[in-house]
Each structure stands twice: as structure tokens, then as C-alpha cells.
Enquirer: 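This is the structure, below, for whatever I ask next.
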Amino acid sequence: MNLTLIARPPFNFLSVVQSHGWIQLAPFRFDENSGSLYYVDRLADGRVVEYRITGSSNGVKVQTPSLNKSERNEVKEKVSWMLGLDQDFSSFYKAVSKEPKLRTAKKFARGRVLRSPTFFEDVVKTILTTNTLWAATKRMNLNLIASFGDPLADSDSKAFPTPDRIAASNDKVLRETVRVGYRAPALYELAVRVASGELNLESYKTSSLPTLDLRKELMKIKGVGPYAAANLLMILGRHDFIPIDSWALKVVSNEWYRGKPVTPKQVEKRFEKWGEYKGLAYWFWDWDLKYS
DNA sequence: GGTAGACCTGGACGC
DNA sequence: GCGTCCAGGTCTACC
């Protein structure tokens with residue numbers, strides 16, 4: 001079955017797909033030869049399907065197995081969210097039009113970041129990026145899916161686990177089997193709170209809270225500090241904060257401080273002028289990476 | 001508000 | 001093969 005989804009222009013499929021490392025985290029998979037993004041998803045009715053998403057002249061095409069009407073609407077809604085098809089970055093392009101380091105922002109339709117269908121998945125993945133190397137993040141994510149994900153028929157692939165499946169486990173399994181280390185209690189508590197309905201993470205997608213208040217809410221989640229909260233705000237389309245990690249300190253140091261160590265405050269100061277677009281300006285800055 | 005130290009894992013390295 | 005060091009954010013205690 002083929003679905004066609006229209007994006008708000010300007011839109012560039014590859015810019016979204018390559019916007020950050022999520023593309024390397026299962027159940028995402030990218031085939032460079034065909035330029036296709038694959039994602040294994042567990043639909044609301046429990047059926048596990050794989051999408052194949054490719055760019056088109058004005059949006060994307062989504063290839064799926066045969067779906068009923070309700071499933072079709074669910075897939076359309078999820079893919080639209082994952083690729084931010086309706087997001088509008090015109091004011092960002094206007095604000096940065098004179099900045100040489102961001103001059104290609106509009107040309108390549110930068111601004112959208114690839115996101116998971118559920119905010120729960122993005123929060124879990126973000127916690128898995130904290131205080132560890134990228135290879136370990138990928139491994140922990142794979143272990144989590146292997147341990148708790150529902151399988152795709154006739155395939156080795158699995159969907160990302162639901163909160164219920166993780167909540168039905170315990171932090172000992174998360175630590176010893178999934179190998180998430182000290183993050184285990186945080187992940188378990190998150191899954192339990194979401195599964196029980198105490199915490200409605202999906203409501204944050206449409207929250208009317210000011211960004212500062214939303215940030216405070218995110219930082220109430222165990223394992224989510226300033227970096228993780230800023231990363232999650234970017235995913236939610238709030239760009240007022242910079243996800244300052246060791247990479248940010250390094251590239252800012254190389255860009256403006258001749259490789260001398262810098263503090264998070266110095267990073268913030270460098271992007272202060274971009275106001276509500278600070279996160280976008282940082283994320284899509286044309287860094288001189290030859291020193292990195 | 002700022003800072004120090006603990007928290008875990010796995011890769012790199014030296015022996 | 002073993003031991004040690006290191007990178008990576010968050011949390012807590014303390015000042």
C-alpha cells in the first residue's frame with residue numbers, strides 16, 4: 001500500500017533524515033542506496049508493521065503492508081510527526097538570512113529533526129545518550145528492543161518497546177540484561193509512570209506551556225538534566241535552549257576560543273543573539289570540523 | 001548558584 | 001589475559 005503525504009514547503013527529506021543520530025538508532029534503518037528510511041512500528045491495535053519512507057517532490061511516499069482505515073490514519077499521523085511535515089521555519093530563515101554560517105538553512109530546508117512516533121521513545125533514547133559513548137547508546141537501544149520489542153512477522157526486526165512491556169520488567173533486568181547501567185532505575189520509573197497513566201508524555205507534543213515551564217517538567221523526569229531537556233525540547237519544536245554536551249563544548253572551543261576549554265555559559269553566550277532560535281542556530285551551524 | 005564526587009559501561013592501552 | 005584509565009551527563013551533598 002502506498003500513502004502520499006504533503007509537506008509544508010520548503011521541505012527536504014534527506015535534511016530531516018540526516019538531522020541527527022536518530023537515524024542510526026533502531027527501529028530506524030536507512031538504506032543509502034535507495035535513500036529509503038525504514039521504521040518498524042507497533043500500531044495501536046498491536047499489529048507490527050514496517051514503513052518504507054522516501055522523499056518526493058513535495059513531501060514523502062510511505063510504503064506499508066495493506067492497512068485498514070484506522071491503521072492508515074495512524075500511520076499518516078505518525079509519519080507526519082516523525083518528519084515534522086507541517087512545521088514552519090520561515091521566521092527562523094528570515095532571522096538567520098544574513099548569517100554566513102547558516103546561509104544554507106533555507107536552501108536545504110533545515111530545521112526539522114527526525115523524531116520517533118512516540119515522545120516516550122524519544123525520552124528513552126535521549127536518556128540512553130547521556131554519559132556514554134554513541135556506540136554504547138546504540139547497543140543499549142538494541143538490547144532494549146531485543147528484550148522487550150514486539151517482533152515483525154517473518155523478520156528479525158522488532159518494534160520499540162511499549163512502556164507497559166518495560167514496566168512489566170524490573171530495574172535488575174534493565175541493568176544486567178539490557179546493560180543500561182545506573183540508568184536502569186530511571187528508565188524503569190519512567191516506564192512505570194507512563195504505563196500507569198501518571199505521566200502523559202505524549203501530551204507534551206501539543207503542550208501550550210511556555211518553553212521554560214515545559215523544560216522544568218522534563219527535568220522532573222529522573223535521568224533528564226539540562227542537556228537531555230534541551231534535546232527533547234528541540235524534538236518538540238521548542239528551540240530556545242542548546243543541548244550542551246561534550247561535543248558542543250568542543251566545537252564552540254574550536255570555533256571561537258582556539259581550542260581552549262569552554263564552559264556551558266560561554267556556549268550559551270555565543271548563541272544568545274539568536275533568541276528563540278538558539279537551539280536551531282547551534283544545531284545547524286556550519287562548524288569548521290577540521291579541528292574536531 | 002557553584003562545585004566535587006559517584007554513578008556504569010566498554011573500548012583502548014600497557015604489561 | 002588482566003588491570004588501569006578514560007569518556008560521557010545527571011544527581012546529590014555540601015558550601
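Here is the naming used below: chain letters follow the sequence lines, and residue numbers restart at 1 for every chain. What you see is a predicted model, and the numbers here were worked out from it, not measured in a lab.
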Enquirer: In whole Å, I'd like the distance from the CD1 atom of A:Ile221 to the C1' atom of C:dC11.
Expert: 15 Å
Enquirer: Are there more than 12 heavy atoms of other residues, nucleotides or ligands under 6.0 Å from atom CD of A:Glu77?
Expert: no
Enquirer: With heavy atoms of chain A within less than 4.0 Å as the criterion, where does contact along DNA chain B begin and end?
Expert: B:dG2 to B:dG11
Enquirer: In whole angstroms, how far is the P atom of C:dT10 from the NZ atom of A:Lys220?
Expert: 18 Å
Enquirer: Does anything in residues 169-180 of chain A come within less than 4.0 Å of DNA chain B? Heavy atoms only, and list the residues if so.
Expert: A:Arg175, A:Arg179
Enquirer: Roughly, in whole Å, what's the span from CH2 in A:Trp247 to P in C:dG8?
Expert: 11 Å
Enquirer: Between atom CG of A:Leu218 and atom CG of A:Leu201, what is the distance when rounded to the nearest 0.5 Å?
Expert: 8.0 Å
Enquirer: Whole angstroms only, please: what is the CD-C1' distance between A:Glu189 and C:dC11?
Expert: 13 Å
Enquirer: Can you confirm if the NZ or CZ of A:Arg115 lies within 45° of the ring axis of A:Trp81 and under 6.0 Å from the centre of its six-membered ring?
Expert: yes
Enquirer: Do A:Trp256 and A:Trp285 have ring centres separated by under 6.0 Å?
Expert: yes
Enquirer: Any residue in residues 119-139 of chain A with a heavy atom nearer than 4.0 angstrom to DNA chain B? Just list them by number, or reply none.
Expert: A:Asn131, A:Arg139
Enquirer: Can you list the residues that meet the ring pair (Phe, Tyr, Trp, His ring centres under 6.0 Å) rule with A:Phe28, with sequence neighbours excluded?
Expert: A:Tyr39
Enquirer: Parallel, tilted or perpendicular: which describes the rings of A:His20 and A:Trp283, with under 30° parallel and over 60° perpendicular?
Expert: perpendicular
Enquirer: Atom CG of A:Leu232 and atom C1' of C:dT10: how far apart are they, to the nearest Å?
Expert: 14 Å
Enquirer: Figure out the CG/P separation between A:Asn141 and C:dG8, and round it to whole Å.
Expert: 20 Å
Enquirer: Can you list the residues that meet the side chain to side chain donor-acceptor pair (under 3.5 Å) rule with A:Arg193, with sequence neighbours excluded?
Expert: A:Glu198
Enquirer: Nearest 0.5 Å, what's the NZ-NZ distance between A:Lys273 and A:Lys269?
Expert: 12.5 Å
Enquirer: Could A:Arg110 and A:Phe284 be counted as a cation-pi pair, given that NZ or CZ must be under 6.0 Å from the ring centre and within 45° of the axis?
Expert: no
Enquirer: Would A:Arg215 and A:Phe241 count as a cation-pi pair here, with the cationic atom under 6.0 angstrom from the ring centre and within 45° of the axis?
Expert: yes
Enquirer: Looking at residues at least two apart in the chain, or sitting in another chain, which of them share a side chain to side chain donor-acceptor pair (under 3.5 Å) with A:Glu202?
Expert: A:Lys205
